[in-house]
Number of protein chains: 2
Amino acid sequence: MSKTFLIVAAALALGALLALAQPATGDRPLVPYPDGYRAWRHVGSVVNEATDKNRATTPHGTIHHLYANDLALEGLRTGAFPEGAVFVADWFSLKEKYPGGFEEGARLRLDVMVRDARFAATGGWGFDQFAGDSITARNVAPGAAPKQCFECHTRASARGYVFTRPPL
Amino acid sequence: MSKTFLIVAAALALGALLALAQPATGDRPLVPYPDGYRAWRHVGSVVNEATDKNRATTPHGTIHHLYANDLALEGLRTGAFPEGAVFVADWFSLKEKYPGGFEEGARLRLDVMVRDARFAATGGWGFDQFAGDSITARNVAPGAAPKQCFECHTRASARGYVFTRPPL
């Protein structure tokens, strides 16, 4: 083998290794972590019973709290969501507080949907999921779309892809 | 019988009738309805399974959301609750949203606790309950104390009678 071949092969191998080491960024803009969302308006909560799939980790089921920033509240009032509207679903396992009473246990994940015209492929909303308590770790590679978010939210396409319609 | 006796007796009878006609105001100041509490900080929620006592009206159990005004948040941060701190527990029956998923149904009541030195007999907190969606109807006569509130909250007397201690 020639020296040139070895150098080229080494460079290709290094490139492949570097490509593996890089997170797959996909072709989407990054959905930012929703700083300060705990001070946003609480618009409602949903309780889910444990399922066969998650009973081992969440035997008492889960709860997720829904928060909306001011632009999302404007959208809930008017029916049209302006750019920058953000909803958050803050997921927890339920833990027993006293017999028959349950409160938030460990945070499971934080779902975010942000109104941003760059996400035209998903209804003008960018969806993402932050893992557990992390403000950086995501449940899919940064820039990749968590598929199930948009798939499910298409059921509410007639309402701007937003499920919640609380009295405000 | 003398005329004087009859007049005095009639006056006493009239006084007794008027006392009966008045709502029993007890000896407590009135706990005001917490205007605007839905925009306060959501500090957590508690889910209660249906019990034998309430299964007929709330077969899927209840949820109550806890909200704190700015002074109550200050107390949660410092451990000392200033006058005017208010917590609210907003109670709903849980209704099935989809199989295994539950959200807020009808509002059951609104519990209020307000930090006010005039309520010295109940740990410096005034407790009250508004019935259903009403901003005026209370579950006990205006000015009377809902007994079970303070009785239960004495369990948290070492923490200023406040159960919740969320990370903020």
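These values consider heavy atoms only, across backbone and side chains, with no hydrogens, waters or symmetry-generated copies.
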Can you check whether [Y]'s main-chain N or O pairs, donor with acceptor, with [X]'s side chain at less than 3.5 Å?
X        : Y       : result
A:Arg41  : B:Trp40 : no
B:Glu103 : A:Gly44 : no
A:Glu104 : B:Ser45 : yes

Segment of B:Phe92 engaging chain A (4.5 angstrom heavy-atom cut-off):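 Contact with chain A: none, neither part.
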Hydrophobic cluster membership, [X] vs [Y], 4.5 Å side-chain cutoff:
X        : Y        : value
B:Val88  : B:Leu71  : no
B:Ile63  : B:Trp91  : no
B:Val86  : B:Ile135 : yes
B:Phe81  : B:Tyr161 : yes
A:Trp125 : A:Leu73  : yes

Exercise: identify the closest heavy-atom pair between B:Arg38 and A:Val43: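 Looking at all heavy atoms of both residues, the shortest contact is NH2-CA, 3.8 Å.
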B:Tyr98 and A:Asn48, any side-chain heavy atoms less than 4.5 Å apart: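 Answer yes - side chains close enough.
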Selection from B:Thr62, B:Val47, B:Thr51 maximising heavy-atom pairs under 4.5 Å formed with chain A: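 Heavy-atom pairs under 4.5 Å are most numerous for B:Val47.
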Geometric class of the A:His42/B:His65 ring pair [parallel <30°, tilted 30-60°, perpendicular >60°]: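 Taking A:His42 first and then B:His65, their aromatic rings stand perpendicular (interplane angle over 60°).
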